Amino acid sequence: MSAEPDFDALFAAASAVQRRAYAPYSRFRVGAALLADDGAVYAGCNVENAAYPVGTCAEAGAIAAMIGAGAKAIRAVLVFGEGPELVTPCGACRQRIREFAMPETPIVIAGPEGIRARFTLDALLPASFGPANLPR
Ligand code: THU
């Protein structure tokens, strides 16, 4: 059994980067933090665009930072957002996480007051399609 991820560190990283999100259109700022297989935490925020569909989610930014640093796998995810609803990853980001995570990888949802909910990747994206579906 691997040790429980340090969710306090993920919360600190996600809440810090959320404040730097570029979200002038939705005014909905999101931060995401990943614990990677190298033991480091990688964070990203949403970056919107005047051409709306070009905007990117916080999770996509965090994954790009992880891959750019040379890490290979996601061990845990924390998403930080405000408002009364749980800010869970969108469908596309569930698939982005799927590429680098395991079915049991925790995806934790947080708000300003702290952790609100805990899921696994498999709970959010059941019976998913992934790298093993393709011949290599
Ligand atoms: N957003 C994220 O960055 N991550 C999520 O998990 C949910 C939604 C962003 C996309 C867009 O910039 C804004 O939140 C409103 O949808």
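For ligands, and for the atoms within them, numbers begin at 1 and follow the listed sequence. Side chains included, hydrogens not; waters and symmetry mates left out as well; all remaining heavy atoms used. Treat the numbers as computed from the prediction; the structure is a model and nothing was measured.
Considering all non-hydrogen atoms of both residues, Pro112 and Gly81 come closest at CD-O, 3.8 Å. In terms of heavy-atom proximity, Lys72 sits nearest to Asp37 at N-OD1, 3.0 Å.
Shortest contact from atom 5 (C) of ligand 1 to any protein heavy atom: Glu59 OE2, 3.4 Å. Remark: minimum distance from atom 9 (C) of ligand 1 to any protein heavy atom is reached at Asn46 ND2, 3.5 Å. The protein heavy-atom contact nearest to atom 16 (O) of ligand 1 is Phe28 CD2, 4.8 Å. Counting only heavy atoms of the protein, atom 10 (C) of ligand 1 lies nearest to Cys57 SG, 4.0 Å. The protein heavy atom nearest to atom 8 (C) of ligand 1 is Val30 CG2, 4.2 Å.
Hydrophobic cluster of Tyr42: the remaining members, joined at side-chain heavy-atom separations below 4.5 Å, are Phe28, Val30, Leu34, Ile63, Met66, Ile67, Ile74, Val77, Val79, Leu86, Val87, Ile97, Phe100, Ile107, Ile109, Phe119, Leu121, Leu124, Leu125, listed by chain and number.
Arg29 places no side-chain N or O within 3.5 Å of a backbone atom of Cys45 that could act as its donor or acceptor partner.
At under 3.5 Å, not a single nitrogen or oxygen of Thr56, backbone or side chain, sits near a nitrogen or oxygen of ligand 1.
When Cys93, Ala58, Ser26 are ranked by how near their heavy atoms come to atom 15 (C) of ligand 1, first place goes to Ser26.
With a 6.0 Å radius and a threshold of 12 heavy atoms from other residues, nucleotides or ligands, Glu85 has its CD atom at or below the threshold.
Each of the atoms 6 (O) of ligand 1 lies under 4.0 Å from some heavy atom of Pro89. Listed by atom number, the atoms of ligand 1 under 4.0 Å from Glu48 heavy atoms are 11 (C), 12 (O), 13 (C).
Under a 4.0 angstrom heavy-atom cut-off, Thr88 registers as being in contact with ligand 1.
In terms of hydrophobic clustering, with Ile, Leu, Val, Met, Phe, Trp and Tyr side chains grouped at heavy-atom distances under 4.5 Å, Phe11 and Leu35 are assigned to a common cluster.
Within the 4.5 Å cutoff, the side chain of Glu4 has no heavy atoms near those of the Pro106 side chain.
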